[in-house]
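Scope of the values below: all heavy atoms of this structure, side chains included, with no hydrogens, waters or symmetry mates. It should be emphasised that the depicted structure is a prediction, and the values quoted were computed from it without experimental measurement.
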Amino acid sequence: MELKWEDKDGNKYLLGTLYKKDNYYCFEKNNEGLLEAMNHGCFGIGSMDLTKDIIKSKKLFSFFRNRIPSIDNPDIKEILKSYNLEEYDEMELLKRTHGSLLTDKYYLD
């Protein structure tokens, strides 16, 4: 999934790509898009280490995990049902919700 950011004028920037490979969550940043976005007001990507081109983790990065309902949410069964999911899957939730929040202009496509 591509992580994008939209500026106040509606311009969209590709910041990088999130995927899962060999049981690792991987984020491959798009240096050009990230730099351009930061020149237009983007604050980066949470606390992710942007000194590396590809970042790997056994757990979903907190920047993305904070964009979906927690498995501990008391309403998680209803939430999953509303997205036609039978079980909790972080990547599938991100895909279906686009990781959108009302508080910022990041989203997954």
Side-chain angles (χ1 to χ4, degrees):
M1 289 177 277
E2 294 179 334
L3 176 64
K4 296 181 180 177
W5 179 80
E6 184 177 337
D7 70 15
K8 60 181 167 64
D9 297 322
N11 300 307
K12 298 174 181 166
Y13 305 89
L14 173 61
L15 307 181
T17 304
L18 174 70
Y19 57 94
K20 200 166 182 185
K21 182 178 179 183
D22 300 327
N23 292 319
Y24 281 92
Y25 292 95
C26 303
F27 183 76
E28 186 171 346
K29 73 176 180 170
N30 174 8
N31 289 314
E32 185 178 315
L34 182 58
L35 181 60
E36 192 172 339
M38 291 177 82
N39 287 334
H40 288 90
C42 180
F43 295 112
I45 308 171
S47 62
M48 291 180 73
D49 178 5
L50 298 177
T51 61
K52 299 176 183 174
D53 287 335
I54 299 177
I55 308 159
K56 294 181 179 181
S57 175
K58 283 282 191 184
K59 292 178 160 183
L60 183 62
F61 306 100
S62 63
F63 178 84
F64 297 105
R65 195 173 52 251
N66 293 334
R67 306 182 86 72
I68 56 174
S70 166
I71 194 166
D72 298 325
N73 185 313
D75 299 322
I76 196 63
K77 287 184 181 184
E78 291 80 19
I79 293 168
L80 294 176
K81 186 176 179 181
S82 73
Y83 288 108
N84 292 325
L85 292 173
E86 296 194 17
E87 60 185 42
Y88 190 83
D89 181 310
E90 292 171 320
M91 290 293 280
E92 195 59 38
L93 271 170
L94 277 170
K95 182 179 176 183
R96 296 195 187 191
T97 65
H98 300 280
S100 297
L101 299 176
L102 296 174
T103 56
D104 64 36
K105 294 288 197 162
Y106 296 91
Y107 65 97
L108 290 152
D109 209 8

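Pairs passing the salt bridge (charged side-chain N to carboxylate O under 4.0 Å, His left out) check and including a residue from residues 57-75, sequence neighbours excluded, read Arg67-Asp104. The list of salt bridge (charged side-chain N to carboxylate O under 4.0 Å, His left out) pairs with a residue in residues 19-33, not counting sequence neighbours, is empty.
The side chain to side chain donor-acceptor pair (under 3.5 Å) check on Glu92 picks up Arg96, with sequence neighbours excluded.
The nearest pair of heavy atoms linking Asn30 to Leu14 is ND2-O, 3.0 Å. Contact detail for Leu34 and Leu50: the closest heavy-atom pair is CD2-CD1, 3.7 Å. For Ser82 against Ile79, the heavy-atom pair with the smallest separation is OG-O, 2.6 Å. Considering all non-hydrogen atoms of both residues, Glu6 and Lys12 come closest at OE1-CE, 3.6 Å.
Between Ile55 and Phe61 the shortest side-chain heavy-atom distance falls below 4.5 Å. At least one side-chain heavy atom of Phe64 sits less than 4.5 Å from a side-chain heavy atom of Leu94. Taking the side chain as every heavy atom from C-beta outward, Asp109 and Leu3 never approach each other to under 4.5 Å. Within the 4.5 Å cutoff, the side chain of Glu2 has no heavy atoms near those of the Leu15 side chain. Taking 4.5 Å as the limit, some side-chain heavy atom of Tyr88 sits within range of a side-chain heavy atom of Ile68.
A donor-acceptor pair under 3.5 Å is absent between the side-chain atoms of Asp7 and the main chain of His40, judged by distance alone. Looking only at distances, a side-chain donor or acceptor of Asp49 sits under 3.5 Å from a matching main-chain atom of Thr51.
Between atom CD of residue Glu87 and atom CD1 of residue Ile71 there is a gap of 9.5 Å, rounded to the nearest 0.5 Å. Here the straight-line distance linking atom SG of Cys42 with atom CD of Glu36 works out to 11.5 Å at 0.5 Å rounding. One finds the CG atom of Leu108 at 10.0 Å from the OG1 atom of Thr17 (value rounded to the nearest 0.5 Å). To the nearest 0.5 angstrom, His98 atom NE2 is 10.0 Å from Met1 atom CE.
Counting heavy atoms of neighbouring residues, nucleotides and ligands inside a 6.0 Å radius, atom OH of Tyr24 does not exceed 12 of them. Atom CD of Glu78 has more than 12 neighbouring heavy atoms from other residues, nucleotides or ligands inside a 6.0 Å radius.
In terms of hydrophobic clustering, with Ile, Leu, Val, Met, Phe, Trp and Tyr side chains grouped at heavy-atom distances under 4.5 Å, Tyr107 and Leu18 are assigned to different clusters. Tyr13 and Leu101 end up in different hydrophobic clusters when Ile, Leu, Val, Met, Phe, Trp and Tyr side chains are linked at under 4.5 Å. A continuous path of hydrophobic side-chain contacts links Tyr83 to Met91 [ILVMFWY only; heavy atoms under 4.5 Å]. Grouping the Ile, Leu, Val, Met, Phe, Trp and Tyr side chains by contacts below 4.5 angstrom, directly or via other members, places Ile54 apart from Leu60. No continuous path of hydrophobic side-chain contacts links Trp5 to Leu35 [ILVMFWY only; heavy atoms under 4.5 Å].
The ring of Tyr106 has its center closer than 6.0 angstrom to the ring center of Phe63.
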Would you sort out whether Tyr25 and Glu90 count as a side-chain hydrogen bond (donor to acceptor under 3.5 Å, both in side chains), showing the intermediate values? CA-CA 11 Å; Tyr25 292 95; Glu90 292 171 320; 2.9 Å; yes
